[in-house]
Amino acid sequence: MPRILVTENIAGKAMDELRAGGDVAFEPELWRDPAALAEALREAEAVIVRNQTRVTAELIAGAPKLKIVARAGAGLDNIDTAAASEAGIVVSFAPSENSLSVAELALGLMISLARKISAADRDTRAGGWKRAVFTGGELSGKTLGVVGIGRIGTLVARRARAFGMRIVAHDEFVDPEAPHLRELGARLVTLDELVAESDFITTHVPLTEETRHLFGAKFFAAMKPGAFFVNTSRGEVVDEAALAAALESGHLGGAALDVREVEPPAADSPLGRFDNVILTPHIAAFTDEAQERVVAAVCRDAVSVLRGEPAAGFFNFPEPRGRG
Ligand code: MLT
């Protein structure tokens with residue numbers, strides 16, 4: 001029985017090497033079937049997941065041999081980390097390995113919104129040549145509001161500065177005197193101040209009970225007329241119905257969402273109707289470079305823990321503690 005279970009399509013050089021070692025059950029579709037997942041976890045000592053496998057307290061309770069849950073990515077919202085810690089299981093993840101790719105996509109989406117690139121592309125392919133319709137605006141001289149100025153938010157802000165943008169940021173966990181804010185020339189403000197000042201808003205918050213639907217009707221109504229909203233963090237932080245209503249009213253300049261309240265979203269989701277909306281399928285972290293880094297980090301941690309060595313990218317503790 002292989003000791004390492006992989007429950008999603010997680011690929012890369014490090015995964016190839018791990019699989020070649022023969023101690024891996026590679027089951028990329030297993031996340032879709034909770035009963036089969038529970039069955040497979042009964043024997044597993046390490047499980048490697050991405051964001052679609054829900055590692056619940058119940059699953060953990062039914063996995064007596066499990067020593068490590070390794071999450072190939074940054075977000076831990078699909079893992080019951082409290083239950084894992086309680087059971088003495090290491091939770092490891094790759095919190096910074098894909099940050100740059102996410103930041104670059106956020107910037108790409110901002111430029112695409114400002115210059116209407118997606119809509120212009122669609123129209124031109126359909127035979128149009130509407131130069132007067134697809135006029136846009138520059139990023140330079142505009143204010144970018146960064147909600148969550150941690151690793152990814154900082155990378156976005158740094159790049160936005162190179163485009164000549166001013167930065168305001170909101171983050172409950174950052175000291176207003178933090179050196180990275182000084183380097184960015186960024187002011188730390190309340191969310192109300194940020195929404196009132198920003199021409200573009202980009203969000204980089206984790207999904208928690210506090211951030212669920214943080215961006216709803218009140219928030220969108222408070223945005224400047226014509227301002228743009230970009231989400232590459234977690235879909236559930238946005239109330240999509242409220243966003244659709246704000247777009248319908250013409251109040252917003254546009255929005256770009258890489259992540260959705262429900263993934264994959266319904267094919268007839270109202271957001272798909274708007275020409276000034278860009279939708280991508282949760283690909284922010286999906287570059288060759290980021291995936292190689294992420295997969296290498298989690299494969300290394302799974303192997304380390306099974307060898308009795310500490311995990312480097314641990315979230316809770318580096319070595320299993322035995323059942324609590
Ligand atoms: C992450 O949390 O790292 C990204 O959203 C990518 C993913 O979930 O796979």
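Only heavy atoms go into these numbers, but all of them, side chains included; no hydrogens, no water, no symmetry mates. Just so we're clear, the structure is a prediction, and the values are computed from it rather than from any experiment.
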V156-L188 co-clustered via ILVMFWY side chain contacts under 4.5 Å: yes
Single-linkage hydrophobic cluster I201~I278, side-chain heavy atoms < 4.5 angstrom: no
Trace of the side-chain contact (heavy atoms from CB on, under 4.5 Å) decision for L207 with R212: CA-CA 6 Å; L207 175 65; R212 190 178 298 277; 4.0 Å; yes
Using a cut-off of 6.0 Å, state whether more than 12 heavy atoms not belonging to [X] lie near its atom [atom1].
X	atom1	value
F163	CZ	no
E58	CD	no
E138	CD	no

K67 vs L306, side-chain contact (heavy atoms from CB on, under 4.5 Å): CA-CA, chis, key distance, verdict: CA-CA 8 Å; K67 297 186 172 74; L306 294 195; 4.2 Å; yes
Minimum-distance pair of heavy atoms, taken over all atoms of R300 and G313: NH2-N, 4.1 Å
Shortest non-hydrogen contact from V259 toward S233: CG1-O, 3.6 Å
Less than 4.5 Å apart, side chain to side chain, heavy atoms only: is that true for [X] and [Y]?
X	Y	value
F274	E248	yes
R273	P270	yes
R159	L100	yes
E17	C299	no
V24	I48	no
L18	F26	no
L252	L243	yes
Q52	E263	no

Does any donor atom in the side chain of [X] or [Y] lie under 3.5 Å from an acceptor atom in the other side chain?
X	Y	value
E261	H213	yes
T232	D258	no
R260	S269	yes

Backbone of [Y] reached by a side-chain donor or acceptor of [X] within 3.5 Å:
X	Y	value
E8	T53	yes
T211	P206	yes
N316	V90	no
H204	V146	no
H180	I149	yes
E97	Q291	no
D301	A311	no
R54	I79	no
K65	R42	no
R50	N9	yes

Worked check of side-chain contact (heavy atoms from CB on, under 4.5 Å) between L107 and E104: CA-CA 5 Å; L107 249 295; E104 288 188 359; 5.7 Å; no
Side-chain ion pair, E292 and K13, N-O less than 4.0 Å: no
Presence of salt bridge, E197 and R187, under 4.0 angstrom: yes
Salt bridge (charged side-chain N to carboxylate O under 4.0 Å, His left out) between R3 and E45, worked out: CA-CA 5 Å; R3 299 166 79 200; E45 291 179 53; 3.1 Å; yes
Residue pair I60, E86: steps toward the side-chain contact (heavy atoms from CB on, under 4.5 Å) verdict: CA-CA 10 Å; I60 289 167; E86 176 72 15; over 6 Å; no
CZ on R293 to OG1 on T287, rounded to 0.5 Å: 6.0 Å
Interatomic spacing from CG in L139 to CZ in F200 - rounded to 0.5 Å: 5.0 Å
Qualifying residue for salt bridge (Lys or Arg N to Asp or Glu O under 4.0 Å) with K130, from D275, D123, D121: D123
